[in-house]
*Asks:* 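Got a structure here, written out as structure tokens. Questions coming.
The first residue in the sequence is number 1, and the count goes up from there. Heavy-atom basis, side chains included; hydrogens, waters and symmetry copies ignored. Since the structure is predicted, the reported quantities are computational estimates derived from the model, not experimental observations.
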Amino acid sequence: MKENDITNVSRRTFIKGSAALTALTALPVSRGLIAGEVSKVSDNHSQAVWKPAACWHDCGGKCLNKALVDGNTVIRQKTDDLNLDSPNTPQQRGCLRGRSQRHQVFAVDRLKYPMRRKNWAPGGGDKSLRGRDQWVRISWDEALGLIAHETHRITTKYGQESLWVTGQKEFCQPYYNMFSAYGGYVSDWGTRSFGAWSETSGLIGVPWGIWGINDRLDLKNSELIVIWGANPAWTSPGSPTYHYIQAKKAGAKFICIDPSYTDTAAILDAEWIPINPATDHALVLALMYVLLQEDNPKTNPLIKWDFLDRYTIGFDAQHMPEGADPKDNFKDYLLGTYTNDPKTPEWASEITGVSSDVIRSLARKIGTIDKVALLCGWAPARVNNGEGWVHAFSTLGFMTGHVGSSGNMTGTSVHFFAANGGDFLVNEGSTGLKNIDNPITTTINHNELTRALTEGKCRQPRGGDKDVNIQMIFHCANNTMQGFNNVNQAIDAYRSNIEFVVTPAYNFTSNAKYSDLVLPVTTEWEREGIVLHLHNREVLLLGVNITKPLYEAQSDQWIAKHLGERLGVDVNALFPISEKQQFFNQIMGSTVIDTDGKSYVPLVTITEEDLVKHQIQGKTQQGKISLEQLLTEGKYQVYRHDGDNYGFIAYKDFIGDPHSNPLKTESGKFEIYCQKLNERSKEYGWSEIPAIPKYIASEHGYQSTFSDWHNKVKGQYPFQIYTPHYLRSSHSTLDNVAQLREAWPGHVYINASDAKRLGLKQGDTALIYSKLGKVLRPVFCTETLKPGVIALPHGRWSDIDEKTGIDGAGTENMLFEPATTGLGTSGWNSGYCNIEKWQGKQLISDALQPPRLPVFAKE
């Protein structure tokens with residue numbers, strides 16, 4: 001493609017193209033058009049077969065992906081066309097990311113062979129060359145031998161806690177089980193996408209997952225739906241936006257509270273309330289203040305006092321738990337009874353940027369409308385000191401009674417359960433592998449990763465600093481080097497303090513780039529198959545083998561097994577059955593809800609012929625779908641209709657009989673006053689969280705952009721920055737795919753008035769910087785983003801100029817400063833920066849950048 005076809009596109013053409021592309025991922029117009037078109041098979045490939053192909057990335061869409069396979073080649077892809085599309089039983093449609101999968105699996109930048117950094121030697125060699133060294137191709141035997149030797153040497157010399165295995169066990173169990181059996185490893189933990197919902201929610205009695213909101217059919221009973229800090233048209237573009245559209249058709253009005261007028265807001269014709277990032281806590285407190293001020297049980301009932309009385313503790317002095325000071329109740333805090341600091345709309349307006357009139361209007365709507373869905377994404381809680389927001393948002397639902405009844409719900413609506421809460425109606429079985437517990441309990445909070453590597457200290461979950469001496473890092477199924485806050489400091493640590501870094505990967509990721517030894521792994525398309533977990537509650541999806549392993553790539557389990565053998569681990573006990581058998585175990589163990597809506601029955605029929613044909617072990621059984629049909633179609637979907645037995649109302653049992661169905665809190669109720677939350681924060685020891693949701697300004701939030709808050713004097717870094725999830729990638733996965741880079745160029749978004757003031761025009765290269773680092777990005781000027789805010793999409797692979805230290809790819813964590821607060825919440829959306837026009841050479845479009853490949857040393 002000619003360079004000017006990409007780089008010189010006009011603003012009008014770009015906006016039209018972007019809008020059309022987004023519409024295809026979310027609007028119902030795409031439903032019923034694309035399926036028929038992509039299902040055509042060319043006559044030139046008469047032997048080609050459509051196979052279900054895994055779309056395994058962590059975007060939350062969880063859609064059906066199919067590949068047209070001819071031999072060992074994928075000719076094209078399509079998505080769900082198995083059933084007639086309808087609001088009751090929608091097709092599980094994939095987005096542009098899933099449809100670009102073959103460009104990832106068969107990409108020119110796939111890692112082909114095991115390789116060692118040229119200037120590495122036992123002990124680290126020249127560590128300063130990590131990230132810029134050349135590479136040497138080696139054999140699998142040599143690679144596994146080196147890893148086994150260094151693992152043994154390092155753990156023998158420094159102790160077992162010198163080994164850090166990064167990431168989350170649920171995403172790549174084989175390595176974690178193997179290293180656990182070897183003696184254990186230091187792990188890491190954090191709130192990841194969930195933000196402060198991760199732990200706060202359970203303490204106060206509100207789950208952050210599928211059990212916090214009603215199901216999608218009941219959503220149509222809501223009269224007002226408030227979507228707070230969520231944009232499923234970008235983040236979970238499978239069916240959630242379609243579900244919202246059905247609610248709109250049923251008569252619901254929508255309000256979106258967000259720093260940006262999102263595509264979701266546009267599709268739903270929602271009222272937009274623009275808000276400064278990381279200030280949501282202040283807004284929700286002011287809403288509740290208005291409810292208190294204007295409530296009159298006889299003439300203007302805004303508060304459900306009977307709900308507060310029966311289902312909560314801590315709202316007022318009469319409902320405080322035993323032993324607590326009655327003056328510490330939430331109602332008096334809102335009114336400023338003892339502090340003389342009421343949480344008025346005027347107070348919140350100064351912080352949030354939302355006018356006091358809009359705050360009052362919003363409060364009245366939430367308080368007077370009978371059926372309201374208060375739905376938020378995880379994003380508002382991905383801020384430093386975000387625990388209070390979770391607590392306050394939930395309390396708003398308690399005050400107004402928008403919990404536990406048809407059309408009323410308050411909770412998170414995001415990822416695989418966006419717009420559709422409730423127990424899974426269909427579940428996958430287990431692989432048949434045992435879980436091996438890690439004998440080492442030392443773990444590093446994500447905010448303290450660089451501290452652990454540079455200072456040798458990290459605070460443990462139950463309080464107190466602990467000395468750590470990490471000398472070997474083994475990266476598992478993640479991109480830790482991309483996800484570090486303060487990337488520059490992390491690189492410095494890798495180049496000075498660590499003796500050995502290993503990464504299994506299928507692309508030259510940031511983890512691989514800064515490693516000493518890299519192992520090529522297969523993608524899910526090259527394995528026996530995969531049954532997707534964390535899926536839509538009504539659908540089971542799977543993928544079968546699509547292609548033989550490419551080049552010398554091996555599966556993670558193969559690597560873990562062969563490495564374990566060299567380390568003296570009993571791998572036959574860890575992996576007693578084949579990967580193929582594990583895949584079929586998940587299928588054979590799958591269950592589906594029966595027609596009574598209560599019991600579960602086998603999903604898949606298994607015959608003796610099936611066992612013989614696939615050469616697997618198992619028992620025959622009768623299910624809802626044949627094995628061959630499931631393997632061919634890749635989907636089983638529970639058909640829904642209004643009034644079926646599969647609906648879900650969050651907290652229904654508790655609301656019906658709170659004494660017989662208490663919540664899992666100390667009081668058995670929703671805890672507006674939560675002593676355990678306060679105590680837990682003290683155990684961590686970072687910063688204290690009050691027992692009621694008192695306002696604490698987010699560290700590195702809006703107020704941090706001022707050098708003098710009282711006089712409103714902006715500081716050195718006057719802009720807030722937040723990191724929307726973006727249709728180009730799922731986190732950082734797929735960021736290397738050229739056609740996605742072309743469609744979604746990775747701009748920095750800025751309000752047009754700010755851009756004009758700074759002399760920035762559409763397409764200019766901008767320098768964005770904080771005290772930690774600098775990045776370059778092309779500018780997108782828009783009226784749909786709040787002034788004073790810039791949006792830098794999450795997930796760009798770093799490309800740091802070794803001479804200037806500037807990242808030309810726009811990696812957001814070059815700018816974000818780690819801050820350990822509260823319960824260890826990561827503040828991915830609380831940051832500040834400055835932005836100006838770049839005076840150097842303009843960026844080349846990401847789509848025209850050469851693929852990122854390791855440079856091999858000359859023989």
Side-chain angles (χ1 to χ4, degrees), residues 60 62 86-90 92 197 201-202 205-223 225-227 230 232 236 238-247 250 252 307 311 370-377 394 397-398 401-428 533-541 590-601 603 636-658 660-664 670:
K62 306 303 180 186
S86 72
N88 280 350
T89 309
Q92 304 303 302
W197 285 97
S201 56
V206 292
W208 56 260
I210 59 175
W211 302 283
I213 60 171
N214 304 353
D215 80 314
R216 62 181 177 87
L217 295 187
D218 186 71
L219 187 68
K220 294 188 296 182
N221 295 321
S222 298
E223 300 169 72
I225 299 175
V226 179
I227 300 178
S236 301
S239 295
T241 304
Y242 186 63
H243 299 331
Y244 284 129
I245 290 171
Q246 306 318 309
F307 189 101
Y311 304 114
D370 186 42
K371 294 180 181 294
V372 178
L374 298 172
L375 306 177
C376 72
S394 302
F398 307 152
H402 297 314
V403 175
S405 60
S406 180
N408 286 303
M409 61 198 88
T410 299
T412 53
S413 176
V414 65
H415 209 254
F416 64 93
F417 58 91
N420 194 17
D423 296 307
F424 288 110
L425 303 180
V426 58
N427 297 278
E428 71 274 16
H533 73 299
L534 297 182
H535 47 77
N536 183 317
R537 71 184 293 257
E538 301 160 9
V539 182
L540 183 77
L541 298 168
S590 298
T591 58
V592 62
I593 195 79
D594 208 353
T595 53
D596 62 4
K598 297 178 181 179
S599 57
Y600 287 80
V601 297
L603 172 65
Y636 180 85
Q637 185 166 357
V638 176
Y639 279 47
R640 298 292 313 279
H641 61 83
D642 289 322
D644 61 22
N645 287 326
Y646 311 136
F648 181 78
I649 304 294
Y651 313 109
K652 181 179 179 180
D653 292 341
F654 171 66
I655 298 300
D657 187 349
S660 300
N661 302 285
L663 300 176
K664 295 179 181 179
F670 295 122

*Asks:* Quick one: does Leu540's side chain get under 4.5 Å of Asn427's, heavy atoms only?
*Replies:*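 A side-chain contact under 4.5 Å is absent here.
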
*Asks:* Do Val426 and Thr591 make a side-chain contact, defined as non-hydrogen atoms from C-beta onward lying under 4.5 Å apart?
*Replies:*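 Not touching, per the 4.5 Å side-chain cut-off.
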
*Asks:* Mark yes or no for whether Asn420, through its side chain, and Asp215, through its backbone, hold a donor-acceptor pair below 3.5 Å.
*Replies:*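 Not at all, since once roles are kept as given, no pair shorter than 3.5 Å links the two residues.
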
*Asks:* Kindly indicate whether the side chain of Val638, heavy atoms from C-beta on, has any atom under 4.5 Å from the side chain of Val539.
*Replies:*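 No, side chains not in contact.
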
*Asks:* Go through the structure and list residues passing salt bridge (Lys or Arg N to Asp or Glu O under 4.0 Å) with Asp218, not counting sequence neighbours.
*Replies:*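 Listed in chain order: nothing, the list is empty.
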
*Asks:* Just by distance, do the side chain of Asn214 and the backbone of Ala650 share a donor-acceptor pair under 3.5 Å?
*Replies:*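 Confirmed, Asn214 side chain pairs with Ala650 backbone.
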
*Asks:* Using salt bridge (Lys or Arg N to Asp or Glu O under 4.0 Å) as the criterion, list what pairs up with Asp642, not counting sequence neighbours.
*Replies:*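 In terms of salt bridge (Lys or Arg N to Asp or Glu O under 4.0 Å), with neighbours along the sequence ignored, Asp642 is linked to Lys220.
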
*Asks:* Using only atom types and a distance under 3.5 Å, with no angle test, would you say the side chain of Ser86 pairs donor to acceptor with the backbone of Thr89?
*Replies:*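 Checking the backbone N and O of Thr89 against the side chain of Ser86, a donor-acceptor pair under 3.5 Å is found.
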
*Asks:* Which class fits the ring pair Phe424 and His535: parallel under 30°, tilted 30 to 60°, perpendicular over 60°?
*Replies:*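 Ring orientation of Phe424 relative to His535: tilted.
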
*Asks:* Run the side chain to side chain contact (heavy atoms under 4.5 Å, CB included) test on Thr595 and Tyr646 for me, step by step, so that the C-alpha distance in whole Å, both residues' side-chain angles and the decisive distance to 0.1 Å come before the verdict.
*Replies:* CA-CA 9 Å; Thr595 53; Tyr646 311 136; 4.3 Å; yes

*Asks:* Quick one: OG on Ser222 to CE on Met409, what's the gap to the nearest 0.5 Å?
*Replies:*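 Spacing of OG (Ser222) from CE (Met409) equals 4.0 Å.
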
*Asks:* Keeping the roles fixed (side chain from Tyr636, backbone from Leu603), state whether a donor-acceptor pair exists under 3.5 Å.
*Replies:*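 Checking the backbone N and O of Leu603 against the side chain of Tyr636, no donor-acceptor pair under 3.5 Å is found.
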
*Asks:* Any side-chain to backbone donor/acceptor pair from Arg216 onto Pro240? Under 3.5 Å, distance only.
*Replies:*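 Side chain of Arg216 to backbone of Pro240, a donor-acceptor pair under 3.5 Å: no, none is there.
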
*Asks:* Using side-chain heavy atoms (C-beta onward) and a distance below 4.5 Å, is His533 in contact with Glu428?
*Replies:*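 Of all side-chain heavy-atom pairs linking Glu428 with His533, at least one is under 4.5 Å.
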
*Asks:* Using the side chain to side chain contact (heavy atoms under 4.5 Å, CB included) rule, take Ile655 and Phe307 through it: C-alpha gap first, then chi angles, then the decisive distance, then the call.
*Replies:* CA-CA 9 Å; Ile655 298 300; Phe307 189 101; 3.7 Å; yes

*Asks:* What pair of heavy atoms forms the shortest contact from Ser405 to Ile649, and how long is it?
*Replies:*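 Taking every non-hydrogen atom into account, N-CG2, 3.6 Å.
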
*Asks:* Cut-off 3.5 Å, side chains only: do Tyr244 and Ser413 have a donor facing an acceptor?
*Replies:*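 Yes, a side-chain donor-acceptor pair sits under 3.5 Å.
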
*Asks:* With Tyr311, which of Phe670, Phe654, Tyr651 fulfils ring-ring contact (aromatic ring centres under 6.0 Å, His included)?
*Replies:*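 In the set Phe670, Phe654, Tyr651, the residue that makes a ring-ring contact (aromatic ring centres under 6.0 Å, His included) with Tyr311 is Phe654.
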
*Asks:* For Ser599, what residues pass the side chain to side chain contact (heavy atoms under 4.5 Å, CB included) criterion, not counting sequence neighbours?
*Replies:*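 Checked Ser599 against side chain to side chain contact (heavy atoms under 4.5 Å, CB included); matches are Asp594, Asp596.
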
*Asks:* What's the separation between atom CG in Leu375 and atom OG1 in Thr410, rounded to the nearest 0.5 Å?
*Replies:*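 Reported value, rounded in 0.5 Å steps: 8.0 Å.
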
*Asks:* Report the residues that fulfil salt bridge (Lys or Arg N to Asp or Glu O under 4.0 Å) with Asp644, sequence neighbours left out, ordered by chain and then residue number.
*Replies:*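 Applying salt bridge (Lys or Arg N to Asp or Glu O under 4.0 Å) to Asp644 gives Arg640.
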
*Asks:* Taking the side chain from Gln637 and the backbone from Gln92, do they hold a donor-acceptor pair closer than 3.5 Å?
*Replies:*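 It does not hold such a pair.
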
*Asks:* Okay, side chain of Ser201, backbone of Trp197: is any donor-acceptor separation there less than 3.5 Å?
*Replies:*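 Side chain of Ser201 to backbone of Trp197, a donor-acceptor pair under 3.5 Å: yes, one is there.
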
*Asks:* Identify the heavy atoms of Pro90 and Pro87 that sit nearest to each other, and give their distance.
*Replies:*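 It is CD-O, 3.7 Å.
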
*Asks:* Among all residues two or more places apart in sequence or in another chain, which pass the salt bridge (Lys or Arg N to Asp or Glu O under 4.0 Å) test with Arg537?
*Replies:*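 For Arg537, no residue satisfies salt bridge (Lys or Arg N to Asp or Glu O under 4.0 Å) once neighbours in sequence are set aside.
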
*Asks:* Can you tell if the side chain of Val403 reaches within under 4.5 Å of the side chain of Leu374, non-hydrogen atoms only?
*Replies:*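 Result no, sub-4.5 Å side-chain heavy-atom pair not found.
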
*Asks:* Would you please name every residue forming a side chain to side chain contact (heavy atoms under 4.5 Å, CB included) with Val414, sequence neighbours left out?
*Replies:*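 Partners of Val414 by the side chain to side chain contact (heavy atoms under 4.5 Å, CB included) criterion, ordered by chain and then number, come out as Trp378, Thr412, Phe417.
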
*Asks:* Could you tell me the separation between the CG atom of Asp423 and the CD1 atom of Ile593, rounded to the nearest 0.5 Å?
*Replies:*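 Output value for this atom pair is 8.0 Å.
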
*Asks:* Between the side chain of Asn408 and the main-chain N/O of Val372, is any donor-acceptor distance below 3.5 Å?
*Replies:*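 Yes: the side chain of Asn408 pairs with the backbone of Val372.
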
*Asks:* Any donor-acceptor pair under 3.5 Å linking the side chain of Lys371 with the backbone of Ser406?
*Replies:*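 Yes, Lys371 side chain to Ser406 backbone: donor-acceptor pair under 3.5 Å.
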
